[in-house]
Participant: 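Before anything else, here's the structure in question.
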Amino acid sequence: MNTNDANEPQSPRADSGANETVKCLIIGSGPAGYTAAVYTARANLSPVLYEGMQPGGQLTTTTEIENFPGYPDGVSGFDFMEDLKKQALRFNVDIRRGVVTACDLSTKPCKVTIDGEKIVEAETLIICTGATAKYLGLPDEARYAGKGVSACATCDGFFYRKKTVAVVGGGDSACEEALYLAGLASKVYLIVRKDHLRASQIMQERVMCNPKIEVLFNTNTVGLFGEEFVEGAHLVRFKGEAKEEKFDIAIDGFFLAIGHTPNSGIFRPALATDENGYIQTVWGTAKTNIPGVFAAGDVADPNYRQAITAAGTGCIAAIETERYLNAIEHR
Ligand code: NDP
């Protein structure tokens, strides 16, 4: 029996550990990374892709993607990323486990250290390292980490079946998390610091119509309490105003959905970023301030941060990589 099903995504290849030089190195395995990988592989650039800290990227923790063209019935984030990986493997992309721990962009080829050991010299580099969830910065978030505090409802929501939880944030992520949790928990508080939601209209309507979700507008979280696990949150309504009001809610889980920080630290200060750390690219391209180094997806996108825009910029980065290599070969 042939157990080698070509449709099954295979494990990343074993990395020999020896230093090497590659034509095209891609860091990150979200929609930007895999799209760049498919395009560069089909252009015969033999890309090597390191999956990074979170193989598959942020979408692996998203419940349902309803707005990626071509999926009329929606698709789960996990299935979507597995499909992208399968597609990359079909074109023989060298997908490996590993995290970039250092980077020297001052040389050509540039030198990228993987897991503190191996150095890959890359003629071109496509950075698709995405972004990471933000926390409020309360000491209690660290105190109750893994004991009721989470930044991923899809990962941890299962533990809160028939319990009461709170989600912080007013954007699409917060609404999505609140709706997901409402399918499991008995009650969901959505804690919003302003007097309105920032989320898209359709998500707002879904949240406001859900009988299990109570939205607490103009409200900030100032602390959590509980013996060992989270048992409640200390909240303040109209903080700093004359009508300020302090109150507590009893909850079992506290979920953060207040945005993300771009994963660009390792590439700074060599690469130019904006004040929030998003890698700056030449408008309409994936070109950074260093020739041969490109950035795509959320790490370079403070505005849209969608799967489709990440995939689009991954494609742009790949085409520009090919053009860059052609130009230096014919110099
Ligand atoms: P956003 O930046 O859109 O929203 C962050 C939310 O968190 C805002 O409501 C913000 O409040 C709030 N916030 C930030 N800091 C704090 C804080 N310290 N205390 C309390 N609240 C805080 O991030 P999202 O992750 O929601 O979305 C990012 C992008 O991804 C958006 O473009 C969104 O449309 C998209 N997205 C799309 C989805 C989909 O289409 N299915 C799903 C998820 C995301 P304030 O409004 O006051 O600034």
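Note that ligands are numbered from 1 as they come in the structure, with each ligand's atoms numbered from 1 the same way. Because only heavy atoms are used, hydrogens play no part in the values below, and waters and symmetry mates are left out as well, while side chains stay in. It should be emphasised that the depicted structure is a prediction, and the values quoted were computed from it without experimental measurement.
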Participant: What is the ring orientation for Phe80 with Tyr71, classed by angle as parallel under 30°, tilted 30 to 60°, or perpendicular over 60°?
Facilitator: perpendicular
Participant: Can Glu322 and Arg42 be counted as an ion pair, charged N to O under 4.0 angstrom?
Facilitator: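 A salt bridge is absent here (no side-chain N lies under 4.0 Å from a carboxylate O).
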Participant: Within a distance under 4.0 Å of any heavy atom of Gly169, pick out the atoms of ligand 1 and give their elements.
Facilitator: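 Under 4.0 Å from Gly169, ligand 1 has these atoms: 7 (O).
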Participant: Under 3.5 Å between any N/O of Gly170 and any N/O of ligand 1: does that happen in this structure?
Facilitator: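 Checking ligand 1 against Gly170, an N or O pair does fall under 3.5 Å apart.
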Participant: Please compare Arg193, Lys134, Glu177 and report which has the shortest non-hydrogen distance to atom 15 (N) of ligand 1.
Facilitator: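 Among Arg193, Lys134, Glu177, the closest heavy atom to atom 15 (N) of ligand 1 belongs to Arg193.
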Participant: For the side chain of Tyr324 and the backbone of Phe294, is there at least one donor-acceptor N/O pair under 3.5 Å apart?
Facilitator: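 No; judged by distance alone, with no hydrogens or angles, the pair does not exist.
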Participant: Should the proximity of Asn67 to ligand 1, defined as any heavy atom under 4.0 Å, be assigned to the side chain, the backbone, both, or neither?
Facilitator: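 The answer is the side chain.
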Participant: Testing the basics here: between Ala174 and Val168, what is the closest heavy-atom pair and its distance to 0.1 Å?
Facilitator: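 In terms of heavy atoms, the two residues are closest at CB-O, 4.1 Å.
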Participant: Considering Glu176, His196, Gln306, which one's heavy-atom position lies nearest to atom 42 (C) of ligand 1?
Facilitator: Glu176
Participant: Under 4.0 Å from any heavy atom of Tyr304, which atoms of ligand 1 are there?
Facilitator: 32 (O)
Participant: Check each atom of ligand 1 against the heavy atoms of Lys194 and keep those under 4.0 Å away; list them by number with element.
Facilitator: 45 (P), 46 (O), 47 (O), 48 (O)
Participant: Tell me whether Glu51 is salt-bridged to Arg97, with the criterion being a basic N under 4.0 Å from an acidic carboxylate O.
Facilitator: yes
Participant: Can you tell me which portion of Thr221 lies within the under-4.0 Å heavy-atom range of ligand 1? Options are side chain, backbone, both, or neither.
Facilitator: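 Looking at Thr221 and ligand 1, no heavy atom falls under 4.0 Å.
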Participant: Angle between ring planes, Tyr160 versus Phe255, binned at 30° and 60°: parallel, tilted or perpendicular?
Facilitator: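 Plane angle over 60°, so perpendicular.
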Participant: Between Glu66, His260, Arg198, flag the one that comes closest to atom 1 (P) of ligand 1 by a heavy atom.
Facilitator: Arg198
Participant: Quick one: name the residues clustered hydrophobically with Val236, using the 4.5 Å side-chain heavy-atom rule over I, L, V, M, F, W, Y, and just say none if it's on its own.
Facilitator: Val222
Participant: Counting only nitrogen or oxygen atoms and a 3.5 angstrom limit, does Ser173 reach ligand 1?
Facilitator: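 Among all N and O atoms of Ser173, at least one is under 3.5 Å from an N or O of ligand 1.
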